[in-house]
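For reference, the structure discussed in these notes is given below.
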Amino acid sequence: MRRALWLVTEWVARGLAPHEREAVLGDLAESNRTFAASVGDIAGLALRRGAASCTEPRTAIAFFVLVLPLSFLLTALARSTASSVAISLWFWIDNADTHLLQNAGFWVGVTDVMPRLLSACAMLAFYAWSAGTLAVCVSRTTARLLCVMIALMAAVWPVFSAPRYGPQNDAVFHLTFYRVVFPCLLPCIFVLLPALFALRTSRMENA
């Protein structure tokens, strides 16, 4: 898990210049910062670097018309998807025991819900890749700003926005992992990575 989180952090750091990226990642490796705090720090730094380019009218318009709405919508959609997935994961993993695994009804529920959850995550990744591709068509700076805003919202949203759920799910979201960590991790995987992949693909095509 730690290795996967570090890979996500490295992907977010791609929004920085190469020399600055190495210095920031080196400092984070030596610190004890949490994953959310690390992603937030890198995203904030990259956003400040990108803000300098927003002095150009075209970039400023793209930021307010394209980047902000898309990053907000994608993160909100990921937040909703994370809540549904978290409830299922809690039921399947945290409560699994020998008796439950031998219950035929348990597996019927898994085969019924799992395709819908995978489909929701796949559609989320497709939307993020499409948004990244659209941003690249405007400019590479716009695409970088989109990735930075997604990373920033993914890191900040779970901390300052309480999850919306019914009292019947208190047992799930009482756990810090499902209430804070997972809502940050899912958008990084299914929103940020596809958007970065679109940016990387365009870079390879132009090389």
Side-chain angles (χ1 to χ4, degrees), residues 4-25 35-36 38-82 84-85 116-158 161 183-207:
L5 295 179
W6 181 252
L7 288 175
V8 173
T9 304
E10 289 181 335
W11 272 93
V12 177
R14 289 179 178 270
L16 300 173
H19 67 281
E20 194 171 35
R21 182 193 315 151
E22 294 179 2
V24 170
L25 289 177
F35 168 70
S38 299
V39 172
D41 289 344
I42 295 175
L45 179 60
L47 187 60
R48 290 193 296 272
R49 296 294 183 266
S53 63
C54 287
T55 55
E56 300 179 4
R58 178 183 176 183
T59 304
I61 293 173
F63 179 79
F64 289 104
V65 174
L66 186 67
V67 172
L68 277 181
L70 283 179
S71 57
F72 180 84
L73 290 174
L74 287 171
T75 308
L77 182 58
R79 176 74 164 165
S80 176
T81 303
S84 300
V85 175
R116 285 181 288 173
L117 295 180
L118 292 177
S119 176
C121 292
M123 289 302 298
L124 183 62
F126 175 75
Y127 293 150
W129 175 82
S130 300
T133 302
L134 177 62
V136 168
C137 292
V138 177
S139 69
R140 293 186 59 81
T141 299
T142 302
R144 292 192 186 97
L145 287 174
L146 176 65
C147 294
V148 168
M149 285 302 301
I150 291 173
L152 186 61
M153 288 188 178
V156 172
W157 199 322
S161 176
C184 176
L185 188 60
L186 187 138
C188 285
I189 295 174
F190 292 102
V191 178
L192 179 59
L193 291 185
L196 286 170
F197 179 75
L199 178 60
R200 180 182 177 85
T201 302
S202 68
R203 181 182 303 170
M204 294 175 62
E205 291 177 350
N206 295 330

* To do: Among residues two or more places apart or on two chains, list those pairs meeting side-chain hydrogen bond (donor to acceptor under 3.5 Å, both in side chains) that have a residue in residues 116-130.
  => Asp112-Arg116
Minimum-distance pair of heavy atoms, taken over all atoms of [X] and [Y]:
X: Gly132; Y: Ala143; answer: O-CB, 4.4 Å
X: Ile150; Y: Ala195; answer: CD1-CB, 4.2 Å
X: Cys184; Y: Cys188; answer: O-SG, 3.3 Å
X: Leu66; Y: Ala135; answer: CD2-CA, 4.0 Å
X: Ala198; Y: Val136; answer: O-CG2, 4.2 Å

Check: [Y] and [X] side chains under 4.5 Å, non-hydrogen atoms:
X: Thr141; Y: Leu145; answer: yes
X: Cys121; Y: Val85; answer: yes
X: Leu124; Y: Leu186; answer: yes

* To do: Take Leu192 and Cys147, measure what side-chain contact (heavy atoms from CB on, under 4.5 Å) needs, and give me the verdict at the end.
  => CA-CA 6 Å; Leu192 179 59; Cys147 294; 4.0 Å; yes
* To do: Starting at CG of Leu199, measure out to CZ of Arg144 and round the result to the nearest 0.5 Å.
  => 6.0 Å
* Could you tell me the separation between the CG atom of Leu77 and the CZ atom of Phe190, rounded to the nearest 0.5 Å? => 12.0 Å
What pairs of donor and acceptor atoms, side-chain ones from residues 67-75 against any protein atom, are under 3.5 angstrom apart with sequence neighbours left out?
from: Ser71; atom 1: OG; to: Val67; atom 2: O; distance (Å): 2.8
from: Ser71; atom 1: OG; to: Leu68; atom 2: O; distance (Å): 3.0
from: Thr75; atom 1: OG1; to: Ser71; atom 2: O; distance (Å): 2.6

